[in-house]
Each structure stands twice: as structure tokens, then as C-alpha cells.
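Presented below is the structure to which this report refers.
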Amino acid sequence: MKCILMNKNTEVLVAEYNAVSKFFDRIIEVKNIDYAPYILKSFYMEDDFNNNSFRTNLSEWFKGRGIPSWRDKLDLLLYRLKIDTPTELLDKAFGLSLSDQYWIKPYESDIKYDDINFFDHDFDYSEFLEASLSLNSKTIKKEESLKTPNNTTDGMLKKAWIIENGTRYLLKGGYKNEILQPFNEALATEICKRLGFEHVPYTLDTYKDMVVSKCPCFINKDTELITCYQIRNDMKRYNTEEDFEEYIKKLENEGIENAREKVENMYILDFLIMNEDRHLNNFGIIRDVNTLKWVSVAPIFDNGMALNIPYYDEDEVIISGHGRLFYEVKPFDEIIKVVKDITRIDISKLDGVVEWFDELLHEYQHITHISDKRIHRLCILLNRQINKLKKIIEETK
């Protein structure tokens, strides 16, 4: 199929796309490489744009827009959607997403971005939502249920986009039998709000006797999320703290204000809630897709894998104490050292947050059945981290 890769209303390139293999067999013409997905720029050669490396990475980028193979209970989801692989969904709605403005336009088509994008146009999400989060869903009945931005959601957690009063919200459940992730998102929101960190606000909701986190889309039809992974892809890798420093330099050179402080805030939050999963695809920057200007550091999002979820046992809390700093797994006590001026944090603003978290966990206890013992231990861990940060601040002054 001959098609055009579009970035909103800008033609990026013309290519032959194989709908069976999901591979771009041939690049016919490159029209605006500057408007291509950021990660592709390092593979582009003007005098040989049809080279295998560029085509392969273009194909991998497009496949990567789909639901990943490690999505929790993926087999069940595929059965309910009546498809064989997640990549089949990419052809259902032009590859459109709510994280950016890229889409695949059939070459002879006169369809326009304004006619199809999911920021302006509603979509039928009810059956996809049930297929993703319900315990006892049936297979879908309406083909329209496959024409949604749910086709291009990343991550391992069960999730679905919905619309309420015109706002696009992402609902996320827990992982397998673990149900703490939504509460960690709510806790992260409360901490960020108190400390004045820019963040995506997560609230709690229930769906069919399941507690889920709920957050609004932080991208609009004029912006895109470029992850740290994409930015670091064509930069030298040090496997040290230098990777962090090079990333900050890059953001500052692109004109992003207060880049260091905003990225540091993310690591301060990770220290406080012991977030072990700050991988390079759950933070980044916001770029204007019309002007290509780097607008800001993306607000803090995706904080669910915290408070040692994988290491909890009813009889014992096994504390790992390690998080991620770019390509390294390091103790949180080491990661927090990237913050140049920790004394700027008013730790007193977190007074009472442990009690707030305790009340929140007990409020939903009739649904989650988290034991009193576990709630108590989770609050002990949170209180310990707050006190550790308080001590670090006091010793630094």
C-alpha cells in the first residue's frame, strides 16, 4: 500500500507499507524529515534515505505505537477483540494516537487530519474498555470499537482511553493480582501538588468493582510527547550520572526553561515513593508539532511501580531501595544526589501526607481487601522516606 506518513497536516515521507508484515518495504520520497518522529532523525541519510537502517527503524517505530507484547493479560484482550496480534490494530484508525500527531494516510486519499483526529472527534470506547479491564467481558460486537486511540497505548498495565465531558482520560488498573498501582499514582499526585511539582493529576475511580487510576491527556492536537529514550538515542552513552547531565544540557540548549529543576523534581518524587520504574520512556519533553519548538519538560507521570510492590510479602516487607537513573539501577540514596539544591524543598509541606495515604487506602479497603497490616507497613515506608529526605535537607543546609 502506498501511503504518506503525516505529522498532523505536514507530509513527512511517502512509502510502500506492507499491511501484512507491518513493514515499510520502500521509502519513495522524504518530504520533511524535520517533522519525522524524533527517534528516526539519527538514521536518516539524505543521499540514501531508502537504506535498510532507516526503513527498519521506521517500521519498528510504527510497530512500537501498538499495544506491547508484554501487556498484562494480552492473550485475553486479543481474544475479546477478535484479533491475532496487537499490530492489527494499527491499521484500524490510521495509527493515530493521543500522545502525538503522527498518522498514516493512504496515498490517493483526500482525508484530512481535522476529519479524523481523536482530540476533536469522539470515539466509541465502551467495548474496548470492557475488554481491557473487565474480568468477564465478551468479545466485541462493533467494529467501531477498534477505531480508537486505545490501539496505540504503551505499557504493561491494562488501560483504556475514555471521554467524559469532552475530556480524554486514561484509566489504568493494577498489574496481575497487584492493586496498589492506582493508589501510588494518587499518592504521587498529592505529593507533587503539595511540593509544587508540575505533574499529571491522577485520581481514583472504580470500574466494575476494580479501583483504577484516572488522568487527563496532557497532550493536545498541537503538541507531542518526545520521550527521553528518543532524545538519548543519538547521544553518547556513559552509563554514569553523566547521562543525566548530558540530557539536561540538551534540554537547556533547546531553550527549555528550568529543565534541571523540573527533572530533579521527578527524582525527588521517586525517592519519596520509592518508584523503581523510571525508565526512559516515562519522562521526556513536550514539543510543538507546528513549529517544532521544544516547549517544556513533560509533567511528571506514570508513577505506579512504587513502595516496593514486587517485593511485598504478607509476613515481611523486603526493601530493595533501588531505582533507575537513566541506564543505571542505583540505590535511591545515590539517585537523590543528582539534585543540586535539595534545600529548595520545603519538606514541612508533606506534614500529614502519611495520614492522608492511610485514610485513602482504608477508604477503598472494602474493594481492594488490602489488609490493615499491609496498609500500616506501606505508611511506615512512606514515613521513613519523608524523614530520610528531611534529614538530607537538614544536613545540607
Side-chain angles (χ1 to χ4, degrees), residues 72 155-159 172-195 197 199-205 210-215 265-279 282-283 300-325 329-336 345 347 349-365 367-392:
D72 186 20
M156 66 181 183
L157 297 183
K158 301 182 292 290
K159 62 187 67 173
K172 291 196 299 183
Y175 182 64
K176 297 188 183 299
N177 296 321
E178 178 53 66
I179 37 74
L180 192 62
Q181 280 95 344
F183 294 92
N184 287 336
E185 297 286 15
L187 172 62
T189 293
E190 182 68 15
I191 290 174
C192 287
K193 185 168 61 175
R194 290 177 179 228
L195 295 181
F197 297 170
H199 65 286
V200 176
Y202 288 80
T203 55
L204 295 180
D205 206 340
M210 177 190 304
V211 179
V212 296
S213 66
K214 177 181 177 182
C215 70
N265 289 345
M266 178 183 71
Y267 286 111
I268 293 171
L269 172 68
D270 287 351
F271 178 88
L272 287 167
I273 65 175
M274 302 180 73
N275 178 18
E276 300 170 359
D277 195 34
R278 187 60 67 192
H279 56 77
N282 62 13
F283 67 102
I300 299 171
F301 68 98
D302 197 4
N303 316 288
M305 294 296 288
L307 292 178
N308 303 97
I309 292 173
Y311 307 100
Y312 176 78
D313 180 87
E314 185 63 33
D315 298 319
E316 182 181 8
V317 176
I318 304 172
I319 299 173
S320 166
H322 285 71
R324 293 190 185 188
L325 179 64
V329 175
K330 301 181 68 170
F332 288 108
D333 291 352
E334 291 296 315
I335 294 175
I336 196 66
I345 300 300
I347 197 68
K349 291 183 178 180
L350 296 184
D351 290 351
V353 76
V354 176
E355 291 77 9
W356 176 91
F357 192 48
D358 181 272
E359 291 179 6
L360 184 70
L361 291 169
H362 276 101
E363 180 183 347
Y364 288 87
Q365 194 176 29
I367 300 176
T368 64
H369 304 293
I370 299 177
S371 68
D372 287 337
K373 180 189 290 186
R374 185 178 185 191
I375 292 175
H376 179 64
R377 287 174 171 171
L378 290 170
C379 290
I380 287 175
L381 287 179
L382 176 59
N383 188 64
R384 185 198 68 168
Q385 290 303 110
I386 293 173
N387 285 331
K388 286 180 72 173
L389 184 59
K390 181 179 180 180
K391 183 178 181 181
I392 292 172

Flag, side chain of [X] to backbone of [Y], donor-acceptor distance under 3.5 Å:
| X | Y | result |
| --- | --- | --- |
| Glu185 | Ser213 | no |
| Asn275 | Asp270 | no |
| Gln385 | Phe271 | yes |

Note, [X] side chain near [Y] side chain (heavy atom, < 4.5 Å):
| X | Y | value |
| --- | --- | --- |
| Glu276 | Val329 | no |
| Ile179 | Ile367 | no |
| Lys193 | His199 | yes |
| Leu382 | Leu378 | no |
| Arg384 | Asn387 | no |
| Thr203 | Thr189 | no |

Over all heavy atoms of both residues, which pair between [X] and [Y] is shortest? Give the atoms and the distance, please.
| X | Y | result |
| --- | --- | --- |
| Tyr267 | Arg324 | CE2-O, 3.4 Å |
| Tyr202 | Asp302 | OH-N, 3.1 Å |
| Gln365 | Ile370 | NE2-O, 2.7 Å |
| Leu269 | Phe197 | N-CE1, 4.4 Å |
| Pro182 | Leu204 | O-CD2, 3.3 Å |
| Asp72 | Gly174 | OD2-O, 4.0 Å |

Rounded to the nearest 0.5 Å, how far does [atom2] of [Y] lie from [atom1] of [X]?
| X | Y | atom1 | atom2 | value |
| --- | --- | --- | --- | --- |
| Leu307 | Ile273 | CG | CD1 | 6.5 Å |
| Asp277 | Asn303 | CG | CG | 10.0 Å |
| Leu180 | Thr368 | CG | OG1 | 9.0 Å |
| Lys172 | Cys215 | NZ | SG | 6.5 Å |
| Lys349 | Leu195 | NZ | CG | 7.0 Å |
| Ile375 | Glu359 | CD1 | CD | 11.5 Å |

| query | Considering residues at least two apart in sequence or located in another chain, which fulfil the side-chain contact (heavy atoms from CB on, under 4.5 Å) criterion with Ile380? | reply |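 Result, side-chain contact (heavy atoms from CB on, under 4.5 Å) vs Ile380: His376.
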| message | Under 6.0 Å between ring centres: does that hold for Phe183 and Tyr364? | response |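 When the ring centroids of Phe183 and Tyr364 are compared, they turn out to be within the sub-6.0 Å range.
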| message | Run the side chain to side chain contact (heavy atoms under 4.5 Å, CB included) test on Val353 and Arg194 for me, step by step, so that the C-alpha distance in whole Å, both residues' side-chain angles and the decisive distance to 0.1 Å come before the verdict. | response | CA-CA 9 Å; Val353 76; Arg194 290 177 179 228; 4.0 Å; yes
| message | Given Met305, which partner from the list His279, Arg278, Met156, Met274 fulfils the side chain to side chain contact (heavy atoms under 4.5 Å, CB included) test? | response |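 Among His279, Arg278, Met156, Met274, the one that satisfies the side chain to side chain contact (heavy atoms under 4.5 Å, CB included) with Met305 is Met156.
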| Just one of Ile300, Leu187, Leu272, Val200 clears the side chain to side chain contact (heavy atoms under 4.5 Å, CB included) bar with Cys192, so which one? |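 Exactly one candidate clears the test, Ile300.
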| side chain to side chain contact (heavy atoms under 4.5 Å, CB included) between Arg377 and Leu381: does it pass, once the steps are laid out? | CA-CA 6 Å; Arg377 287 174 171 171; Leu381 287 179; 5.8 Å; no
